[in-house]
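Here is the structure we will look at, set down as structure tokens.
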Amino acid sequence: MVREVTKDDLYALLELYLFLHEQCIPEQNEHLEKTWTQILQDKSHHLIVNEIDGKIVSSCVCVIIPNLTRNVRPYAFVENVVTHADYRKKGYARECLDYAKKIAQQENCYKIMLLTGSKKAETLHFYEEAGYNSSDKTAFIQWL
């Protein structure tokens, strides 16, 4: 079942992020709780999960960004696409991306952007199959 997170999903989500690029679950402290609350309260921040048999197995983030161009239409940014290793290649991440696309359409976004750190052909093919392309724009990142 694809849905947006609830307050009780934090630790299941943090465990899932170990399959993304995290090395450990962050320390439970005030900063973590404050960030979690901020995400939950932000109407533009959509943390999407796919839950199978009560377990969160896949997720992505979709943020709607207000914009003054393109007839004052917002755009969406998708990040942190991840699936638990035991549940890959079953369409769960694709369902999360489809859910994000529906949100972007409902918000009248003119585009969705997605970045991936992966250079694997199968990962890039996955995003292409989901409707994304890597030819329209060039992404640059400056790490802080």
Side-chain angles (χ1 to χ4, degrees), residues 2-7 9-52 55-144:
V2 181
R3 60 175 176 80
E4 292 197 47
V5 292
T6 65
K7 186 176 186 202
D9 291 327
L10 175 60
Y11 291 99
L13 188 63
L14 292 175
E15 285 181 2
L16 179 63
Y17 282 166
L18 294 174
F19 293 93
L20 186 60
H21 48 64
E22 297 301 301
Q23 301 298 316
C24 62
I25 293 174
E27 177 184 341
Q28 183 177 353
N29 59 27
E30 185 178 326
H31 179 63
L32 175 64
E33 294 297 328
K34 182 179 177 183
T35 302
W36 181 239
T37 299
Q38 182 180 1
I39 289 168
L40 292 172
Q41 291 176 350
D42 184 349
K43 300 287 186 209
S44 295
H45 198 131
H46 303 270
L47 219 162
I48 300 159
V49 295
N50 201 335
E51 182 180 350
I52 305 299
K55 179 179 177 124
I56 294 176
V57 300
S58 192
S59 180
C60 73
V61 173
C62 177
V63 179
I64 307 300
I65 302 167
N67 182 40
L68 293 174
T69 66
R70 302 289 179 149
N71 203 23
V72 195
R73 291 177 64 196
Y75 57 92
F77 186 77
V78 171
E79 183 64 278
N80 295 341
V81 180
V82 61
T83 301
H84 187 290
D86 295 342
Y87 293 84
R88 292 186 179 151
K89 299 187 189 246
K90 295 179 166 78
Y92 300 133
R94 175 64 183 264
E95 291 175 352
C96 288
L97 291 176
D98 289 346
Y99 194 97
K101 182 178 179 179
K102 287 178 187 167
I103 291 170
Q105 290 169 326
Q106 290 168 355
E107 295 293 328
N108 196 33
C109 292
Y110 78 94
K111 71 177 177 183
I112 304 172
M113 294 188 301
L114 179 146
L115 293 176
T116 180
S118 178
K119 305 292 186 220
K120 295 179 185 175
E122 68 183 67
T123 303
L124 302 179
H125 180 70
F126 164 74
Y127 289 125
E128 288 170 353
E129 288 291 310
Y132 295 85
N133 75 70
S134 60
S135 60
D136 287 349
K137 297 247 181 183
T138 301
F140 290 89
I141 296 176
Q142 184 177 64
W143 297 102
L144 304 176

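Remember, predicted model here, so these are calculated numbers, not experimental data.
Although no hydrogens or angles enter the test, the distance criterion places a donor-acceptor pair under 3.5 Å between the side chain of His46 and the main chain of Lys43. A donor-acceptor pair is defined here as one N or O able to donate and one able to accept, closer than 3.5 Å; no such pair exists between the side chain of Asn71 and the backbone of Arg73. Asp42 contributes no side-chain N or O that, together with a main-chain N or O of Ile39, makes up a donor-acceptor pair within less than 3.5 Å. Remark: side-chain polar atoms of Arg94 are paired, donor with acceptor, to backbone N or O of Glu129 under 3.5 angstrom.
The side-chain heavy atoms of Val81 and Cys96, taken from C-beta on, include no pair separated by under 4.5 Å. Side-chain contact between Lys111 and Asp136: absent, with no pair of heavy atoms (C-beta onward) separated by less than 4.5 Å. Asn29 places a side-chain heavy atom less than 4.5 Å from the side chain of Leu32. Annotation: side chain of Phe126 is in contact with side chain of Leu97 (closest heavy-atom distance under 4.5 Å). Counting heavy atoms from C-beta on, the side chains of Arg70 and Tyr75 never come closer than 4.5 Å. Taking the side chain as every heavy atom from C-beta outward, Val5 and Trp36 approach each other to under 4.5 Å. Side-chain atoms of Val82 and Tyr17, non-hydrogen and from C-beta on, do get closer than 4.5 Å to each other.
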Where do Glu4 and Ile103 land on the side-chain contact (heavy atoms from CB on, under 4.5 Å) test, with the steps shown first?
CA-CA 11 Å; Glu4 292 197 47; Ile103 291 170; 3.8 Å; yes
Take Ile65 and Val63 through the test side-chain contact (heavy atoms from CB on, under 4.5 Å) and record every step on the way to the result.
CA-CA 6 Å; Ile65 302 167; Val63 179; 4.1 Å; yes
Check against side-chain contact (heavy atoms from CB on, under 4.5 Å), Glu33 and Leu10:
CA-CA 9 Å; Glu33 294 297 328; Leu10 175 60; 4.1 Å; yes
Working note: Asn80 + Ser59, criterion side-chain contact (heavy atoms from CB on, under 4.5 Å); need CA distance, chi angles, decisive distance, verdict.
CA-CA 7 Å; Asn80 295 341; Ser59 180; over 6 Å; no
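Shown here for His84 and Leu16, the closest heavy-atom pair between the two residues is N-CD1, 3.4 Å. When every heavy atom of Ala12 is checked against every heavy atom of Ile56, the shortest pair comes out as CB-CD1, 4.0 Å. Across all non-hydrogen atoms, the minimal contact from Glu95 to Asn50 is OE1-ND2, 2.7 Å. Between Ala76 and Cys109, the shortest heavy-atom contact is N-SG, 3.8 Å.
Contact check on Asp98 versus Lys102 returns no salt bridge, with no Lys/Arg side-chain nitrogen under 4.0 Å from an Asp/Glu carboxylate oxygen. Under the 4.0 Å criterion applied to side-chain N and carboxylate O atoms, Lys55 and Glu15 are not assigned as salt-bridge partners.
Here NZ of Lys90 is found 10.0 Å from CD1 of Ile52. Values are rounded to the nearest 0.5 Å. Note that the NZ atom of Lys7 and the CD atom of Gln41 stand 9.5 Å from one another [nearest 0.5 Å]. Glu107 CD to Ile64 CD1: the interatomic distance, rounded to the nearest 0.5 Å, is 5.5 Å. The line from CG of Leu114 to CZ of Phe77 is 7.5 Å long, rounded to the nearest 0.5 Å. Here the CG-SG distance, from Leu20 to Cys60, works out to 11.5 Å after rounding to the nearest 0.5 Å. Remark: His45 NE2 to Cys62 SG distance equals 9.0 Å, nearest 0.5 Å.
Applying the ring pair (Phe, Tyr, Trp, His ring centres under 6.0 Å) definition to pairs two or more places apart or across chains, none involves residues 89-122.
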